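Each remark here refers to the structure printed beneath this line.
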Amino acid sequence: MTARLPADQGGLAEAARLLRAGRLVAFPTETVYGLGADATDERAVAAIFAAKRRPRFNPLIAHVPEAAAAFALGIADERARALAAALWPGPLTLVLPASPGCAVALLARAGLDTVALRVPAHPLARALLSAVGRPVAGPSANVSGRVSPTTAGHVLEELGGVIDAVLDGGPCAVGLESSVLDLSGRAAVLLRPGGATREAIESVIGPVALAEGADDAPRGPGMLASHYAPVLPLRLDASAAAPDEALLAFGPAPGGAGLTFTLSGSGDLVEAAARLFTGLRFLDAEGRRRGLLRIAAMPVPQHGLGLAINDRLRRAAAPRDHVPPSGG
Ligand code: AMP
Ligand code: MG
């Protein structure tokens, strides 16, 4: 049962309470309705991918009520500060190097060392974010591959019964998605054109490069992000680890295994998704420290979140010079 919460103090308080409890709440922004979850909670973020039935993990935008909150999560340089002063709140997302101890879950960052941050302009969204007091991940509140919802009714048609609540702020001003600007490197790169124009951005920080394809029809989310891949090669469909391998286990781990990280001992796909990037990072770093040569990954069933988990594992296992392209 999905609650339809009114745009008043009571509705806001309930939406904030649910989000802080790790539940899913759709909320209006100036672009479309976002599917919100506590961005610091790996399981809540995994639940977003499950609700959207997304077949892959792409990095999500963390929404915060003001620039100060954003710059606690990402390392801001002069360009980021100038853009925030000029264009936030608004439809501009900044990709910054994650700060040490960045609270945004690794799953929301698709395992990357960068974090995408935005201060939305919608008054209800900002009031909600202030009340939650934590960054909120919020991709569009639709099932993967369907159109983005601009009313609470659309959200209920898409995700009714699947999410806990929708905060009903009436129709969104049908807008563009946010522009996504990558400031994690020396050159500023526009990964996705959107509500904040290239001209508006360039008037603040000077010339920005356009990512390949960013001038075409929007690419699938996540296509432009350099995907996290462990350094150690991955071997798929392993039933056990060889002596020179670390084991990424799913379900009961075989006896006698050495360095092991269990995604979910009980075979729970949401738990496994929530632990995936943490596990890959751990085995990669600790495995190399111990002189191991590979990560052996046990099979994960190909349904529900297993699709996205297997997509990520396949990419990590592919030879590095032809990683399969990620689609929409
Ligand atoms: P959406 O939330 O569906 O509007 O999509 C978020 C967009 O931000 C996608 O195009 C992502 O690829 C992009 N994005 C989010 N985080 C990062 C990141 N750390 N690096 C690069 N792109 C990102
Ligand atoms: Mg979408």
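Just so it is clear, the model here is predicted, and its values are computed rather than measured. Ligands are counted one by one from 1 in listed order, and the atoms in each one are counted from 1 as well.
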Task: Distance-only donor-acceptor check, side chains Ser266 and Asp268, under 3.5 Å - done: no
Open item on the list: Counting only heavy atoms, tell me which of Val180, Leu112, Leu181, Val189 gets closest to atom 8 (O) of ligand 1.
Closed with: Val180
TODO: Tell me which one of Lys52, Arg109, His63, Arg54 gets a heavy atom nearest to atom 3 (O) of ligand 1.
DONE: Arg54
Task: Electrostatic pair Glu42:Arg275 at N-O distance under 4.0 angstrom - done: no
Task: Under-4.0 Å heavy-atom contact with ligand 1, by part of Leu191 that carries it - done: side chain
Open item on the list: Using a 6.0 Å cut-off, check whether atom CZ of Arg53 has over 12 heavy atoms from anything other than its own residue.
Closed with: no
- [ ] On the 0 to 90° scale, with breaks at 30° and 60°, tag the Phe261-Phe282 ring pair as parallel, tilted or perpendicular.
- [x] tilted
Open item on the list: Within the 4.0 Å heavy-atom shell around Thr114, which atoms of ligand 1 are there?
Closed with: 18 (C), 19 (N), 20 (N)
Task: Option whose closest heavy atom lies nearest to atom 16 (N) of ligand 1, chosen from Ser148, Ser140, Ala110, Ala116 - done: Ala116
Task: Modelled atom types, side-chain donor and acceptor of Ser178 and Thr93, under 3.5 Å - done: yes
